[in-house]
Amino acid sequence: MSEVYATRRTRLRDRCHAGGSAAALISRPANVRYLAGAAPRGAVLLLGEREDLLVCAGPPDERPAEGRPDESLRLHTLPGPGGGFLAIAAADLATAQGADSLAVEEHHLTVARHRAIGSVAPELRLADLGTAVEQLRVVKDEEEISCLRIGAEIADQALGELLESILVGRTERHLALELERRLVDHGADGPAFPTSVATGANSGRRGHRPTDRRVEEGDFLSVCLGATYRGYRCEIGRTFVIGTSPADWQIELYDLVFAAQRAGREMLAPGTAYREVDRAARQVLDSAGHGPGLPALIGHGVGLEIDEDPQLGPTAMGKLDACVPVTVEPGVHLPGRGGVRIDDTLVVRPEADGGPELLTITTKELLAL
């Protein structure tokens with residue numbers, strides 16, 4: 001992996017030089033991880049004139065499951081509790097290396113920290129690095145996709161085991177905690193985000209926080225969970241019916257959301273505009289009268305963060321590339337009745353390679369549990 005990290009830093013350095021910056025300071029944790037490997041909490045990365053330094057407040061954490069920092073990087077350890085002073089110290093190190101300009105992640109630094117850097121190193125011309133690292137992260141290499149694939153397998157396994165257990169009478173909160181425990185039992189670093197379990201009138205709500213409501217016969221049960229594996233996060237969402245058979249309105253709503261999700265999945269190809277993926281899924285639901293209540297996005301990218309570029313929304317700019325993992329997750333919620341969410345993580349692949357690769361393979365058949 002050392003060569004991979006070095007190549008990533010070289011690509012970023014070339015961007016910085018093209019923009020007129022001699023050095024760059026990376027402070028956003030996911031971006032530090034992308035360029036340097038699993039770093040101590042709060043560490044920052046300096047792409048310097050003479051060498052690259054991982055600036056931290058202590059030795060690397062012993063987290064072999066998540067990996068270790070790139071061994072080719074020199075660690076510059078400082079005493080203290082970490083936090084914002086590391087970015088300030090890194091700017092001072094850039095000056096010591098002879099840099100006259102420094103690109104920083106203004107979208108991550110606080111105003112106070114930005115001012116402190118300028119005060120400590122007044123000879124440095126500060127420039128905005130923007131989202132240069134996030135843009136590099138959009139297209140994943142096969143090692144990254146492999147981590148996502150394993151995470152998806154773990155999430156599928158945890159969800160499958162839960163569906164084999166007795167659900168009636170158990171609370172949303174209890175089921176969510178059990179799912180998160182099963183994720184870890186099967187090898188995940190932890191959940192990719194707070195697990196959502198929603199039943200009855202709560203079902204179908206995006207980002208629903210589990211409550212003490214108990215599962216009852218006849219309920220819709222919607223579940224959204226994800227696993228983190230070596231830092232990479234995937235996502236899966238499914239909706240089921242509790243009882244012997246679903247009601248007619250439940251079948252109709254489920255079939256509608258399933259059709260919307262399939263329409264979005266079928267648009268995942270290199271060169272497709274982000275907004276076209278959103279439009280394909282949204283039109284199915286809008287034509288059935290559910291347009292006003294739809295979420296702002298039909299899907300988004302995943303990777304070191306659970307919600308990263310690209311954003312698959314009606315105003316999103318840009319086109320899909322190969323090897324970009326995204327979610328497609330339409331849903332409809334009917335106030336007072338419940339709803340349906342179906343969510344998959346897929347990797348964009350060209351037609352010659354078989355089209356989009358589905359990572360989350362739990363059945364999307366409407367199961368009666």
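What you are looking at is a predicted structure, and each value in this text was computed from that prediction instead of being measured.
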Do you see a donor-acceptor pair shorter than 3.5 Å between the side chains of [X] and [Y]?
X      : Y      : result
Glu144 : Tyr232 : yes
His186 : Glu153 : no
Asn31  : Glu134 : yes
Ser2   : Glu71  : no
Glu276 : Thr272 : no
Ser21  : Arg125 : no

Tell me, do [X] and [Y] make a side-chain contact under 4.5 Å, heavy atoms counted?
X      : Y      : value
Leu93  : Leu46  : yes
Leu129 : Leu12  : yes
Leu109 : Ser27  : yes
Leu73  : Leu53  : no
Val348 : Asp321 : no
Gln157 : Leu162 : no
Leu159 : Val223 : yes

With clusters defined by side-chain heavy atoms of hydrophobic residues (ILVMFWY) lying less than 4.5 Å apart, directly or transitively, does Ile251 cluster with Leu334?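 Result: yes, single cluster for both.
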
>> Taking Val347 as the starting point, is it possible to reach Ile306 by hopping between hydrophobic residues whose side chains are less than 4.5 Å apart?
In response: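 In one cluster: yes.
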
task: List in chain and number order the residues that pass side-chain hydrogen bond (donor to acceptor under 3.5 Å, both in side chains) with Arg181, two or more places apart in sequence or in another chain; answer none if no residue qualifies.
output: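 For Arg181 the side-chain hydrogen bond (donor to acceptor under 3.5 Å, both in side chains) partners, ignoring immediate neighbours, are Asp185.
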
How would you list, by chain and number, every residue that makes a side-chain hydrogen bond (donor to acceptor under 3.5 Å, both in side chains) with Arg262, sequence neighbours excluded?
->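 side-chain hydrogen bond (donor to acceptor under 3.5 Å, both in side chains) list for Arg262, sorted by chain: empty.
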
Looking only at non-hydrogen atoms, find the nearest pair between [X] and [Y] and report the distance.
X      : Y      : value
Ile88  : Ala116 : CD1-CB, 3.5 Å
Tyr274 : Ala316 : CB-CB, 3.8 Å
Gly331 : Pro295 : O-CD, 4.3 Å

query: Does Lys319 NZ have over 12 foreign heavy atoms under 6.0 Å away?
result: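 Incorrect, the count does not exceed 12.
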
request  = Sorted by first residue and then second, give each ring pair (Phe, Tyr, Trp, His ring centres under 6.0 Å) pair with at least one member in residues 99-130; sequence neighbours left out.
outcome  =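 Sorted pair list comes back empty.
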
Review point. Does any pair with a residue in residues 238-250 pass side chain to side chain donor-acceptor pair (under 3.5 Å), and if so which ones, sequence neighbours excluded?
Key: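 Matches after skipping sequence neighbours: Arg238-Asp344.
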
Selection residues 209-224 - residue pairs positive for side chain to side chain donor-acceptor pair (under 3.5 Å), sequence neighbours left out: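 Side chain to side chain donor-acceptor pair (under 3.5 Å) check on residues 209-224 returns Glu172-Thr211, Arg173-Asp212, Thr199-Asp219, Arg213-Asp219.
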
By side-chain contact (heavy atoms from CB on, under 4.5 Å) - contacts of Pro350 (at least two apart) =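 Pro350 satisfies side-chain contact (heavy atoms from CB on, under 4.5 Å) with Pro270, Ala322, Asp353 only.
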
When you check the gap from the basic side-chain N to the acidic O, do [X] and [Y] get nearer than 4.0 Å?
X      : Y      : result
Arg28  : Glu105 : no
Asp286 : Arg282 : no
Glu51  : Arg74  : yes
Glu357 : Arg149 : yes
Arg230 : Asp189 : no
Glu308 : Lys140 : yes

Rounded to the nearest 0.5 Å, how far apart are [atom1] of [X] and [atom2] of [Y]?
X      : Y      : atom1 : atom2 : result
Leu54  : Tyr5   : CG    : OH    : 11.5 Å
Arg170 : Leu175 : CZ    : CG    : 5.0 Å
Asp70  : Arg8   : CG    : CZ    : 10.0 Å
Thr360 : Ile342 : OG1   : CD1   : 11.5 Å
Ile117 : Leu25  : CD1   : CG    : 5.5 Å
Thr327 : Leu297 : OG1   : CG    : 8.5 Å

Review point. How far apart are the C-alpha atoms of Arg233 and Asp307, what are their side-chain angles, what is the distance that settles it, and do they pass the salt bridge (Lys or Arg N to Asp or Glu O under 4.0 Å) test?
Key: CA-CA 9 Å; Arg233 302 163 188 261; Asp307 187 357; over 6 Å; no

